[in-house]
Amino acid sequence: MRNTLRLTGLGLLLSAFGQFASAQTTAFTYQGRLAEGSSPANGSYDLRVVVLDAASGGNQRGLLTNNAVGVSNGLFTTTLDFGFGVFNGGPRWLELGMRSNGTAASFTTLSPRQAVLPTPYAFWAANASQAVTVSGTVPASGLNGLYSNPVNFSNPANSFAGDGQGLTSVNASQLGGRTAAQFWQMGGNPGTAPGANFLGTTDNQPLEFKVNATRALRLEATAIANTLNVIGGSPNNFAGAGVVGATIGGGGGSGPFLSASTNSVEADFGTVTGGAGNAIQYASAYATIGGGVYNTIQPGANQSTISGGFLNTLQTRAFSATIGGGARNEIQFDSELAVIGGGYQNTIQTNADYATIAGGFLNTILTNATRATIGGGDQNKVGGVYATVPGGVGNQAMGQFSFAAGHDAKALHEGAFVWADSPVGGFSSTANDQFLIKAAGGVGINLNNPNGAALAVNGNVTINGTLGTTGSQPLQFNVNGQRVLYLESNPNGSPNVLSGSPSNRITAGLEGATIAGGGIGLFPNTITASYATIGGGTWNTAAGGWSTIGGGRDNILAGDYSTLSGGRLNLVQTNATYGTISGGHQNTIQTNADYGSIGGGFLNTILINADRATIGGGDQNTAGGTYATVPGGVGNQAMGQFTFAAGHDARALHDGTFVWADAPGGGFSSTGNNQFCIQARGGIQVDPLTSQFFGSQTRQMLNLYGTDYGIGAQFDSLYFRCANSDANSGFIWYKGGVHHDGYAQPGAGGTELMHLVAGGLYVNGAIVLTSDRNAKENFKPVSPREVLDKVAALPLTEWNYKTDASMRHIGPMAQDFYAAFGLGPDDKHIATVDADGVALAAIQGLNQKLEEQRAENAKLKQRLDTLEQIIRNQNSN
């Protein structure tokens, strides 16, 4: 129900007050117009009506709720019945509240209050005429109405109709056909039978108990038989729709100050005992909030508990977690079975299962610090599994199984114990499994006053001669009844040193083996080869002679002289001598891969026999060739000898290859030996001031799109090669534009200058040849008439090139042209300059011939003119 409901009009109708001669009720009809926002409301609404004696403030005179009132296009009509005594002549106003039917939301109070005008008082006025005096025999029709003074009936047979309001000293044997024993009486009922006699409902309706006309207890049936929701306290408290077995003991609030203080249960069998503003959200079955204010259990935190306090929160999926009290404490999501006892603003972060903060202020257990503990204090922090801060200020236990106490003590490494005294400044561990004490007043053993000494012992500590054993017996040191150091001699004089957990072990018969510490219970450190060393950690195994494991967990070292600095689940296999893994997780050097090296990372592998291979780090990289290198990245493979693979999914599969692959992945592989392969879809950038040199080999190719396209060197020539797939195969020159995959497409803003295919050279412009006199020599005169004669004799045919059958041409053959003129490079080509020169010379020769014919024609014409004149003269005689 949004707070946008408003009442735009109302009316009161006397539909129940028309005929006063018959039995009357106190009901009347109410009509109104309801809007939601700017639109008429439609649907089913619950209507709460309060009768008050003033336009604001005032006293409550009546209250009722009509459920499921139908509203159509904003209009509704309902019947209101407050009983006798509410409308007694005094001023009255109606205060209305609305909410959507079927929800547990609070009613939205509509304003202003509606004044009750004379219509409802018609019932009072209709009876006032007979309420002054009643004497003698009164007809039945005269007894209808409301009587404010006592009315005596002397004849027991007389009857009375009405609700009996105002009657006193009534002694009736039956009411409504039921005897007095069949009603619950204020003083209790005798002779009741459990089950048969009860106070409640027999249909699927809730039962409510009210105090001062306000609901104090609501009992709701649910969808599961014999399961009820019990909702006590404020009428604003509610159980969510469809929830079963919910319990709200009390508490909650209403009115201006506590308007947002509703207690709510939206999960099956959830319980809120009391308090205000406490909420158990959906899917947190069997969760409990004992009390307090504004405490919240978020969805999915089954079986969790907040005992009380202020603004405490259990986040999503904090299964079976507990906050005892305090204020603003928080257990974050997925921290199962975690506990905060109380205090202020303490936090257990994500995935910190079984972690505990007893109390204090601003203490924090960090993400994944399972089973960690803070006893209390101020601003302490725990970040390691099983780590502990018992209290104090500013202490940090960050390593697994670490312990920090006092003031600014920092146990930063696994298994470290750090105590720091009161001065500020911080005191930190520097390695795993240390026991560190900072005590400016000194450390006392068997006394309480060190007198400024760093270590003071009450009593004598005397070593007379050698501290140890004689014969072949080992020497063992115990702490609290458990072995912490074991020294074992051997005939060659190189003792085995076994320290740390009493479960650590060195195989019998070895010599020079050393376990410095670490190990725990079922996860010991183990040495099975002489002169091997394990520095610490848990469940590490050194099986190679002279091998070394620095620490970590679940590491195995089987190669002689090999080294594994730390990490987890790293493996150097048998006969991988001098192998090195610096750290990381699940890295492997396989059998016979001598001198292999992995810097760290995850799931990196040097394969069998890949001597001297190197993987710097990264993830899931593989080196399978001798001297192969993967500096890092993901999924790279250096499989050939002397190969290099880097980036993402780079695969150097052939000897001597260098392969770089960019980020999108998908695999980029070498195709032959001694290649330098780069996949860089963003382009390759070289410093513009750097010249590129490609050596001086006889044959070199820069291949594009496989090997069909390229630029190469051929003896003293630079050549270009293209595919020979169809008639369009050739070369194209563009000016401007951008790359476009379409044929002969220069791209946006580009222009084609020319292209060369088997059919010819196409030029968008003139072909300009050098013809400068200064560029020429060995000049010889030409006989145009001779050239013309040769052109006239030159065979001309129509034809097409074999490489382009679709295009026809006309002209001479190069062999005939060369035989006639001897021009050009050979008898296979005709230079355009020669063809042009021959054509020009032939034109000159033709012009000379034409001029001679013109001169001869002029002479003939003159002779003809002379002859004609002679003939005319003879004819005239």
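No experiment lies behind these values; they were computed from the predicted model shown.
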- prompt: According to the side chain to side chain donor-acceptor pair (under 3.5 Å) rule, which pairs have a member within residues 280-292, sequence neighbours left out?
  reply: none
message: Going by side chain to side chain contact (heavy atoms under 4.5 Å, CB included), name the residues that satisfy it together with A68, two or more places apart in sequence or in a different chain.
response: S44, N101
Show me, pair by pair, the donor-acceptor contacts under 3.5 angstrom made by side chains of residues 347-354, not counting sequence neighbours?
residue, atom, partner, partner atom, Å
Q349, OE1, T367, N, 3.2
Q349, OE1, T367, OG1, 3.3
D353, OD1, E336, N, 2.9

- request: Mark yes when over 12 heavy atoms from residues, nucleotides or ligands other than N226 sit less than 6.0 Å from its CG; otherwise mark no.
  value: no
task: Report yes or no: do Q114 and Y30 form a side-chain donor-acceptor pair below 3.5 Å?
output: no
statement: Applying ring pair (Phe, Tyr, Trp, His ring centres under 6.0 Å) to F209 and not counting sequence neighbours gives none
query: Would you say the side chain of T227 lies within less than 4.5 Å of the side chain of F269, judging by non-hydrogen atoms?
result: yes
statement: Separation between OG1 (T388) and CZ (R371), nearest 0.5 Å, reads 13.0 Å
statement: The side-chain hydrogen bond (donor to acceptor under 3.5 Å, both in side chains) partners of N312 (sequence neighbours excluded) come to N295, N329
- prompt: Is there a donor-acceptor pair closer than 3.5 Å between any side-chain N or O of D378 and the backbone N or O of G360?
  reply: no
Reported CG-to-CG distance for the pair L80 and L64, which is rounded to 0.5 angstrom: 5.5 Å
query: Nearest 0.5 Å, what's the OG1-CG distance between T214 and L63?
result: 7.0 Å
Residue pairs, two or more places apart or on separate chains, that pass ring pair (Phe, Tyr, Trp, His ring centres under 6.0 Å) and touch residues 319-347: Y344-F361
